[in-house]
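For reference, the structure discussed in these notes is given below.
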There are 2 protein chains.
Amino acid sequence: MTTSGTADEPMALAAERLRTAGMRVTAPRMAVLMAVSDSGGHLDADTLRERAQRITGRLSLQATYNVLRALTDAGLVRSTQIAGHPTRYETERHDNHHHFVCRACGSIRDVECAVGAAPCMEPRLPEEYDTQEAAVTFWGLCPGCRAAAPVS
Amino acid sequence: MTTSGTADEPMALAAERLRTAGMRVTAPRMAVLMAVSDSGGHLDADTLRERAQRITGRLSLQATYNVLRALTDAGLVRSTQIAGHPTRYETERHDNHHHFVCRACGSIRDVECAVGAAPCMEPRLPEEYDTQEAAVTFWGLCPGCRAAAPVS
DNA sequence: TCCATAATCTTGACCGATTCAAGAAAAGGC
DNA sequence: GCCTTTTCTTGAATCGGTCAAGATTATGGA
């Protein structure tokens, strides 16, 4: 099981993606990229390291941070910082979606940008400001925690 | 200069605000509240401590955190966490405004909620989600940094 | 006015997330 | 297959913030 077969395909794909991005293809990078890809997103560095380790064996946390930085810079991965949580990573889909964060359990859910081309992208600011991006974070209770909450 | 005169008025006001909020009136609390109030907002705990110290003399960083937590819980102060920055504090104005952050210099500017009653408050989420708040952060370049930037 | 009590403040240790630094390993071009 | 440069490993350090324990102090009642 080295060059073909079902198990190796995701890895070959990861390698291809790295190569296309002009990056060196290394085991840690493939492993982390795979971990981010098949996770459904929103995992922190330590969790990703753990998952990547299952794929590639030993992997330092520092390397995980290095790889995530490199992947983010290359546009393959998107990082999101949520107040009170460590940085989360997900596959970059270039759709500028937002996030809903449950105040009770901390779970994160993607939220499509409400009105197509982002109404939030046009702040009431003087002309001289160069607004490049709008990050919206919705806070509240997810269905599960809402049901379990004392008052509603 | 103990009970009247111009210099003591802000302090008397701070004491009054604390009392109204049902909080004990202490020197650290008055000092921090004053520091937050006349700063124009968006200062971090350490800077606020420094400024509060000028008013009240000795003040530990831990006390500053305690006070800020208490003031925030009491609704007198609003805290904002911006990715890559320590928590910032400003006077709570109950207007749910947002923030513009300059990627170059880190400065923060208030942004009124674009379309009145917050268009961002209505995410495309299933009914079962209880969305309580939407925090919008605009990223870009402030006028000064934009002018200094290599490409525009 | 003074006291008792509970809240608050000070000091100092501690923690999680992340970065810095230096040497070892390995990817990729010739 | 070697050489150079990038990347990875290990270990220390930093930053923002919290925990814990004992000293102070604000406030309500005697």
Side-chain angles (χ1 to χ4, degrees), chain A residues 11-12 14-35 42-50 52-53 55-74 76-77 79-89 106 108, chain B residues 11-12 14-35 42-50 52-53 55-74 76-77 79-89 106 108:
Chain A
M11 188 166 287
E16 184 53 31
R17 288 213 277 158
L18 290 170
R19 217 168 277 120
T20 302
M23 303 173 70
R24 284 198 179 184
V25 179
T26 70
R29 285 178 175 181
M30 287 190 286
V32 171
L33 186 52
M34 288 167 68
H42 312 134
L43 298 187
D44 59 44
D46 204 55
T47 306
L48 285 170
R49 174 205 189 187
E50 195 182 302
Q53 280 181 324
I55 301 171
T56 194
R58 176 173 302 306
L59 177 65
S60 71
L61 181 57
Q62 176 64 59
T64 307
Y65 277 109
N66 289 161
V67 168
L68 287 170
R69 162 90 58 94
L71 292 175
T72 303
D73 289 349
L76 295 178
V77 162
S79 74
T80 308
Q81 283 180 279
I82 305 272
H85 296 265
T87 303
R88 313 293 186 97
Y89 301 86
I108 297 179
Chain B
M11 189 166 289
E16 185 53 32
R17 288 212 278 156
L18 290 169
R19 217 169 275 119
T20 302
M23 304 173 69
R24 285 199 177 183
V25 179
T26 70
R29 286 178 174 181
M30 288 190 286
V32 171
L33 186 52
M34 288 166 69
H42 313 133
L43 297 187
D44 59 43
D46 203 56
T47 305
L48 285 170
R49 176 204 189 189
E50 194 182 302
Q53 279 181 325
I55 300 171
T56 195
R58 178 173 303 304
L59 176 65
S60 71
L61 181 57
Q62 177 63 59
T64 308
Y65 277 111
N66 289 161
V67 169
L68 285 171
R69 163 91 56 96
L71 292 175
T72 303
D73 290 349
L76 294 179
V77 162
S79 73
T80 307
Q81 283 181 278
I82 305 273
H85 296 265
T87 302
R88 312 295 186 97
Y89 301 86
I108 297 179

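Residue numbers start from 1 in every chain, and the chains themselves are labelled A, B, ... in the order their sequence lines are given, proteins ahead of strands.
Mapping A/Ala63 and B/Arg88 onto DNA chain D by nearest heavy atom places A/Ala63 closer to the 5' end of the strand. Across the interface with DNA chain D, nearest-nucleotide mapping of B/Asp44 and B/Thr26 shows B/Asp44 to be the residue nearer the 5′ end.
Residue B/Arg29 places at least one side-chain N or O closer than 4.0 Å to OP1 or OP2 of C/dT8. Here A/Thr87 does not reach the OP1 or OP2 of C/dA17: none of its side-chain N or O atoms lies under 4.0 Å away.
Among the heavy atoms of the strands lying under 4.0 Å from A/Leu59 are primed sugar atoms or P, OP1, OP2 only; no base atom is included. When heavy atoms are screened at a 4.0 angstrom cut-off, B/Arg69 is found touching the sugar-phosphate backbone but no base atom. At the heavy-atom level, B/Ser60 lies under 4.0 Å from base atoms of the strands shown.
With rounding to whole Å, B/Arg58 atom CZ is found 9 Å from C/dT10 atom C1'. For the pair B/Asn66 CG and D/dA21 P, the computed distance is 15 Å after rounding to whole Å. Whole-Å rounding puts the A/Gln53 CD to D/dT9 P distance at 9 Å. In this structure, CG of A/Leu61 is placed 14 Å from P of C/dC20, rounded to the nearest angstrom. Between the CD1 atom of A/Ile82 and the C1' atom of C/dG16 there is a distance of 18 Å, given to the nearest Å. One can place CG of B/Leu68 at 11 Å from P of C/dC9, the figure rounded to the nearest angstrom. Taking atom CZ of residue A/Arg49 and atom P of nucleotide D/dT9, one finds them 9 Å apart after rounding to whole Å. Nucleotide D/dC8 holds its P atom 10 Å from the CG atom of A/Leu18, rounded to whole Å.
Rounded to the nearest 0.5 Å, atoms CG (A/Leu68) and CG (A/Leu76) are 11.5 Å apart. Atom CD1 of A/Ile108 is separated from atom OG1 of A/Thr80 by 7.0 Å, given to the nearest 0.5 angstrom. With rounding to the nearest 0.5 Å, the separation of CE in A/Met11 from OG1 in A/Thr56 is 6.5 Å.
Minimum atom distance to the side chain of A/Gln62 is reached by C/dC20, of the listed D/dT9, C/dA17, C/dC20. Among the nucleotides C/dA6, D/dG16, D/dT9, the one closest to any side-chain atom of B/Arg24 is C/dA6. Nearest nucleotide to the side chain of B/Ala45, out of C/dA17, D/dT9, D/dG17: D/dG17.
Under a 3.5 Å cut-off, the side chain of A/Arg29 and the backbone N or O of A/Arg24 do form a donor-acceptor pair. Between the side chain of A/Arg49 and the backbone N or O of A/Leu59 there is at least one donor-acceptor pair closer than 3.5 Å.
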